[in-house]
*Asks:* 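Below you'll find the structure I mean.
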Amino acid sequence: MIDQRYDPKAHEQRIYQGWEAAGCFKPSGDTSAEAYSIVIPPPNVTGSLHMGHALNNTLQDILIRMARMQGKNVRWQPGMDHAGIATQMVVERQLAASGGNEDRRSLGREEFVKRVWSWKEESGGTILNQLKRLGASCDWDNERFTLDEDLNRAVNKVFVDLYNEGLIYRAKRLVNWDPHFQTAISNLEVENKEVDGHMWHFKYPLADRQTYTYVEKDEDGNVTLEETRDYISIATTRPETMLGDGAVAVHPDDARYAPIVGKLCEIPVGPKQHRRLIPIITDEYPDPDFGSGAVKITGAHDFNDYQVAKRGKIPMYSLMDEKGFMREDGKSYEQEAEIAQRIAEGNEDWDDAKIAAMNLVPEAYRGLDRFVARTAVIDDITAEGLAVMIPDPKHKDEDVSAPMVPLVENKKIMQPFGDRSGVVIEPMLTDQWFVDAETLAKPAIEAVRSGSTQFVPENWDKTYYNWMENIEPWCISRQLWWGHRIPVWYGPAGEVFCAPTEVEARALAGTGMSLTQDEDVLDTWFSSALWPFSTQGWPNDTDDVKTFYPGAVLVTGFDIIFFWVARMMMMGLKFMDDIPFKDVYIHAIVRDEDGKKMSKSEGNVIDPVDLIDGIEPDALVAKRTTGLRQPEKAPQVEKQTRKRYPKGFDAYGADALRFTLAAMATKGRDINLSVDRVAGYRNFGTKLWNATRFAQMNEAAFGAEIDPNALKLAVNRWIVGEFYTAADEVSRAIADYRFNDAADAVYHFIWDVFCDWYLELSKPLLQGEDAGEIKETRETLGWTLDQILKLLHPFMPFITEVLWDQTADRDGFVMLQAWPGDAEAWQDHDAAAEMGWVIKLISQIRSVRSDVNVPAGAKVPVSVIGATANTARCVDAHRELIMRLARLEKFTLADAAPAGSVKTIVDEATIVLEIADFIDAGEEVARLDKQLGKLGGEITGLEKRLGNEAFVAKAPADVVSEQRERLAELQGTRDKLGQAREQLAAL
RNA sequence: GGUCGAUUAGCUCAGCGGUAGAGCACUGCAUUGACAUUGCAGGGGUCAGAAGUUCGAUCCUUCUAUCGACCACCA
């Protein structure tokens, strides 16, 4: 006999180890079977399991476990991502925290990378153990790490091949630069956030104090402002970049500035005698209606300006070093400014290299942080009187005595931040490696258009197209140390040799040339993009590659469609000449119960492991109040946490968590995780556990084979049919990635059908006298529970395995049993109709009893009037059962009702409850009236519809006949109830 | 600005051209019978608003309102 209660803690880890030891997670190797593979989205080696992982991996495990039970040759490919920036950050922080004065640079590259590796060996991969706690049935024997040697070979081959095809190239471009990590990052790693910013307005004086008439007109062409000016007004949110201006641009149609286009103006910063003059040019980019309509062009520090500068051949001057400080190198400002001025005047030729080397930062600002420099520039310009002034807005409009103050607009501006570092990104002109993504994207777009790869839900394809069709070159080089080193070597004169290994690079270079390898590493996502085939042994032509590529499905969140999905599509099609997966299932993001994103810094995280193992309230509070972004909010977080989870979390177990996530995995974008639901599904596990105990107590024949056609009892034939209906629904739902429907179907079958009805209906049989009936029912009961354990297994692998193990002497794990949902559906419609009637009857009698408050212990006589032959047979066949479940004193057929009884209608028959003692005639009439009212409404609606000629003529015939039948049935019920009411009212 | 999505029971959410569903919460009854981590019964919804298509709209179309996500972005 199994224990009185199921304790997940006592079983889960033991069961998992049992599976692993028995090699259950390995592919079957059955080459005649269909292959089914999924690659795990490799979690960061630094990571720990959060609710998003729990959802993601639960869904994959459900798919994998079902496929495995279906006899497919299954591989769930596990592994981890080296996560370049994230991991380097962790180890750098450790160095900083260790108190010594060691840092990355003082250690040197080799030693630092060694430290990262040893950290990885020690504490990396926590998350994989957490995945095991969740029950993930990954093929651990084939675990991979994106920095593994063989994966590195794949990376190098891909790089070299793309380089040789011209699809990877090195170029000086404006890139997003992270001054904290001192590396370039791709535009996907930049987060644009709205922040409070300021816009300053400055006057750029015209060269030689020239003047012009500045005229503003309104929409009707009336002059609203006309004045003589010797300057052009410029607005900027980043005054420190003025030092690198190469021009001022106005729109070609902007009449205000037409008189001065082509003239020079002066940047009002720096030592007066050496200020630079820059040309006023025209370009389509400036919007005449925004600000002054004139834009300063700083090609080296702004992406829009970069485009204008390229179009207009405007020099681009880099102002900052890699840390985001104003440059200190190079010649004096005076010397550079002079050259720059000759260039601006067209008196000197220039080339990119010379321009890039020039330092146009005046000595006073050199070495300043860019934000400090900003303040200095503003102060200096304002002090000189070159800020645009307005009357102090604090004074009233007409107040002529109002002092003049500099115009500073406070406004929301979008600012780019590094998604890892959180610092403001600086566009910088640097040499980087790029992938020609546009070329690679074309087949990847086509693969989705043609349906070779399908997004589920399909509307995600729009997001995919949207990005892919406007894709920009992918910057893949990173100035980091942790990652795949770029397989490029340089000769002394800058000769480039791209080869998979240094040996091969030397062979290309010829003897005697000294080579140095490119210092940079590749974007982490470059190696992730190869994951579906690099993990299977590519570039070797292995059996695994042939068997497990392409995968069946990729399961992931929408947040990495661009980062990862799109890039796997591009690389897979390029190098494998085939899509990497047939379906892309995009699941929702898990949020807290209020729909807020779970975030450690907000203190609303629910750790999946805490739901599995349970956590005390104090520990939960402690966890949530550490690492808050605003530590002063700790009391508030504590209050909320204690209010919402006064008892912390029970140890619900992995099964309950998994089932919850599956049941909530609908097609929407968000899942608001509710702990109450986890508790509810834990109860579901308990319910199954107790049902199994009941079966054991009644000597259910677990492991029995049954032939449904040989079953004699309607109850047993009925439950077998119900099982197949449920199994079919579960199979179809999972195949369609409708995890919630699948979970609902199995839940409903087990609880509402099997436990609530079958177990109750089978009790009299199991505890009866007839040996044949007992045997058949014990077999059916055991068989059905066996099937239930299999059907539920992908959702709740642990409890089903425990029950499988403890109920019979089995010759294998439930996880390797044949999936029951593929069996040919067996149905007995007569038995279904018969039991359907019995269930309806019992429910109805119970309902009446409850409505009129018949004491639970009271047994009442009930008779059936107007039964058809079929119903009469049911009455006879199930009399004992019905009397027991509905608590009846007697249950007979009759011709007429005794006076003072209560009636209810089941199909064509009137059911008469002789409970006059318990009822008040007036109340009963009211009760019937209420029912009659409801019926009347429905009948009127149906009559109206059926009376509508257009409906009868145009609606499908089956709909019409269905509604006719329904109307007839309702009318019959109404008539019978009406009679009952009249009889009662007459008393 | 572009794209996608949401608005259904007190709460969290399914559903979807033809009788509105689940879980939790709520109400009444049941306590040593597999299970109170339970059972039985029940209350509760003009399916955001408006117009249209249709024999018929919660569902399709358009518009409006509110909320959200992603992408881009005006110096």
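Only a predicted model underlies this, so the values are computations on that prediction, with no experimental measurement involved. Throughout, protein chains are lettered first and strands after them, A, B, ... in sequence-line order, and every chain is numbered starting at 1.
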*Asks:* In whole Å, measure the gap between the P atoms of B/A30 and B/G68 for me.
*Replies:* 48 Å

*Asks:* Once you apply the 3.5 Å cut-off to both distances, tell me the Watson-Crick or G-U wobble partner of B/U53, or none.
*Replies:* none

*Asks:* For the pair made of CG in A/Asp756 and P in B/A34, what is the distance, rounded to whole Å?
*Replies:* 14 Å

*Asks:* Looking just at side-chain N and O atoms, do A/Thr241 and A/Lys296 make a donor-acceptor pair shorter than 3.5 Å?
*Replies:* yes

*Asks:* Please verify the inter-ring angle class for A/Tyr645 with A/Phe649; under 30° counts as parallel, over 60° as perpendicular, anything in between as tilted.
*Replies:* perpendicular

*Asks:* Using a heavy-atom cut-off of under 4.0 Å over every strand shown, decide if A/Met414 touches base, sugar-phosphate, or nothing.
*Replies:* base

*Asks:* Look at A/Lys763 and B/A34 and indicate whether a side-chain polar atom (N or O) is within less than 4.0 Å of OP1 or OP2.
*Replies:* yes

*Asks:* When the C1' atoms of B/C11 and B/G28 are compared, how many Å lie between them, rounded to an integer?
*Replies:* 22 Å

*Asks:* Looking at every strand, decide which applies to A/Glu760 at a 4.0 Å heavy-atom threshold: base, sugar-phosphate, or nothing.
*Replies:* base

*Asks:* For A/Asp289, which contact category applies under a 4.0 Å heavy-atom criterion: base, sugar-phosphate, or nothing?
*Replies:* nothing

*Asks:* From B/A14, B/U3, B/A34, pick the nucleotide closest to the side chain of A/Lys462?
*Replies:* B/U3

*Asks:* OP1 or OP2 of B/C40 versus the side-chain N and O atoms of A/Ser850: is any pair under 4.0 Å?
*Replies:* no

*Asks:* Rounding to an integer number of angstrom, what distance separates B/G49 and B/C40 when you compare their P atoms?
*Replies:* 36 Å

*Asks:* Looking for any heavy atom pair under 4.0 Å, which part of the strands does A/Arg238 touch: base, sugar-phosphate only, or nothing?
*Replies:* nothing

*Asks:* Regarding A/Glu189 and A/Ser186, do their side chains bring together a donor and an acceptor under 3.5 Å, going by distance alone?
*Replies:* yes

*Asks:* If you pin A/Val848 and A/Phe694 to their nearest nucleotides in RNA chain B, which one's is more 5'?
*Replies:* A/Phe694

*Asks:* Rounded to whole angstrom units, what separation is found between the CD atom of A/Glu458 and the C1' atom of B/C4?
*Replies:* 13 Å

*Asks:* Would you mind telling me which of B/C55, B/A34, B/G43 lies closest to the side-chain atoms of A/Lys954?
*Replies:* B/C55

*Asks:* Quick one: is B/G39 close enough that its OP1 or OP2 comes under 4.0 Å of any side-chain N or O from A/Lys687?
*Replies:* yes

*Asks:* Under 4.0 angstrom, heavy atoms only, what part of the nucleic acid is A/Pro286 near: base, sugar-phosphate, or nothing?
*Replies:* base

*Asks:* Taking the minimum atom-to-atom distance to the side chain of A/Ala856, which one of B/A30, B/A75, B/G18 wins?
*Replies:* B/A30

*Asks:* With respect to the side chain of A/Lys296, which nucleotide from B/G18, B/A75, B/U37 is positioned closest?
*Replies:* B/A75

*Asks:* Where the side chain of A/Asn690 is defined as all heavy atoms beyond and including C-beta, which of B/C35, B/A75, B/A41 is the nearest nucleotide?
*Replies:* B/C35

*Asks:* Tell me if the centroids of the rings in A/His11 and A/Tyr6 come within less than 6.0 Å of each other.
*Replies:* yes

*Asks:* Measuring only the P atom in each nucleotide, how far is B/U61 from B/A6? A whole number of Å is fine.
*Replies:* 11 Å

*Asks:* Could you check which of B/G18, B/G5, B/U37 has an atom nearest any side-chain atom of A/Arg682?
*Replies:* B/U37

*Asks:* Would you mind pulling out the nucleotide paired to B/C70, Watson-Crick or G-U wobble, both distances under 3.5 Å?
*Replies:* B/G2

*Asks:* Any side-chain N or O of A/Asn683 less than 4.0 Å from the OP1 or OP2 oxygen of B/C35?
*Replies:* no

*Asks:* Are A/Thr692 and B/A34 close enough that a side-chain N or O sits under 4.0 Å from OP1 or OP2?
*Replies:* no

*Asks:* Base, sugar-phosphate, or nothing for A/Arg693, non-hydrogen atoms under 4.0 angstrom?
*Replies:* sugar-phosphate

*Asks:* I'd like to know if the side chain of A/Glu943 pairs up with that of A/Gln971 as donor and acceptor (distance under 3.5 Å, no hydrogens or angles considered).
*Replies:* yes

*Asks:* Ignoring the backbone of A/Thr666, work out which of B/A14, B/A41, B/C4 is nearest its side chain.
*Replies:* B/A14

*Asks:* Between A/Glu472 and A/Ala437, what is the shortest heavy-atom contact and its length?
*Replies:* O-CB, 3.6 Å

*Asks:* Pick the P atom in B/C24 and in B/G33, then give their distance to the nearest Å.
*Replies:* 24 Å

*Asks:* Which part of the nucleic acid does A/Gly293 contact within heavy-atom distance under 4.0 Å: base, sugar-phosphate only, or nothing?
*Replies:* base

*Asks:* Does a side chain donor of either A/Asp245 or A/Tyr204 reach within less than 3.5 Å of an acceptor in the other side chain?
*Replies:* yes

*Asks:* Under 4.0 angstrom, heavy atoms only, what part of the nucleic acid is A/Arg849 near: base, sugar-phosphate, or nothing?
*Replies:* nothing

*Asks:* Can you measure A/Phe558 atom CZ to B/G68 atom P for me and round it to whole angstrom units?
*Replies:* 15 Å

*Asks:* I need the CG-P distance between A/Leu967 and B/U19, as an integer number of Å.
*Replies:* 13 Å

*Asks:* Given that both distances must come in under 3.5 Å, which nucleotide forms a Watson-Crick or G-U wobble pair with B/G42?
*Replies:* B/C26

*Asks:* Taking atom types as modelled, find out whether A/His198 and A/Glu409 have a side-chain donor-acceptor pair closer than 3.5 angstrom.
*Replies:* no

*Asks:* If you only use heavy atoms from C-beta on, which nucleotide in B/C55, B/U12, B/A75 is closest to the side chain of A/Ala950?
*Replies:* B/C55

*Asks:* So what does A/Asp676 hit on the nucleic acid, given a heavy-atom distance under 4.0 Å: a base, only sugar-phosphate, or nothing?
*Replies:* sugar-phosphate

*Asks:* Under 4.0 Å, heavy atoms only, any strand: does A/Glu962 hit a base, just the sugar-phosphate, or nothing?
*Replies:* nothing

*Asks:* What is the nucleic acid contact for A/Lys411, judged by heavy atoms within less than 4.0 Å: base, sugar-phosphate only, or nothing?
*Replies:* sugar-phosphate

*Asks:* So what does A/Ile297 hit on the nucleic acid, given a heavy-atom distance under 4.0 Å: a base, only sugar-phosphate, or nothing?
*Replies:* nothing

*Asks:* Roughly how many Å apart are B/G39 and B/U7, using the P atom of each and rounding to a whole number?
*Replies:* 31 Å

*Asks:* In whole angstrom, what separates A/Arg591's CZ from B/G68's C1'?
*Replies:* 8 Å

*Asks:* B/C13 phosphate, OP1 or OP2: any side-chain N/O from A/Asn672 under 4.0 angstrom?
*Replies:* yes

*Asks:* Any side-chain N or O of A/Trp460 below 4.0 angstrom from OP1/OP2 of B/A69?
*Replies:* no

*Asks:* Whole angstrom is fine here: how far is it from CZ in A/Phe417 over to P in B/C73?
*Replies:* 15 Å

*Asks:* For nucleotides B/C60 and B/G23, find the distance between their P atoms and express it as a whole number of Å.
*Replies:* 26 Å

*Asks:* Rounded to whole Å, please give me the gap between CD1 in A/Ile589 and P in B/C13.
*Replies:* 15 Å

*Asks:* Within 45° of the ring axis of A/Phe694 and under 6.0 Å from its six-membered ring centre, is that where the NZ or CZ of A/Lys763 lies?
*Replies:* yes

*Asks:* Only pairs with both distances under 3.5 Å count, Watson-Crick or wobble alike; so what is the partner of B/A36 in this structure?
*Replies:* none

*Asks:* How is A/Trp751 classified with respect to the nucleic acid when contacts are heavy atoms under 4.0 Å: base, sugar-phosphate, or nothing?
*Replies:* sugar-phosphate

*Asks:* Quick check on ring pair (Phe, Tyr, Trp, His ring centres under 6.0 Å): which of A/Phe659, A/Trp689, A/Phe749 does A/Phe684 satisfy it with?
*Replies:* A/Phe659

*Asks:* If we take the C1' atom in both B/U12 and B/A50, what is their distance in whole Å?
*Replies:* 29 Å

*Asks:* Where the side chain of A/Asn192 is concerned, which of B/A75, B/C73, B/C13 is the nearest nucleotide?
*Replies:* B/C73

*Asks:* Separation of A/Phe303 atom CZ from B/A75 atom C1', in whole Å?
*Replies:* 15 Å

*Asks:* Under 4.0 Å between any heavy atoms, over every strand shown, what does A/Ser674 touch: base, sugar-phosphate, or nothing? Just pick one.
*Replies:* nothing

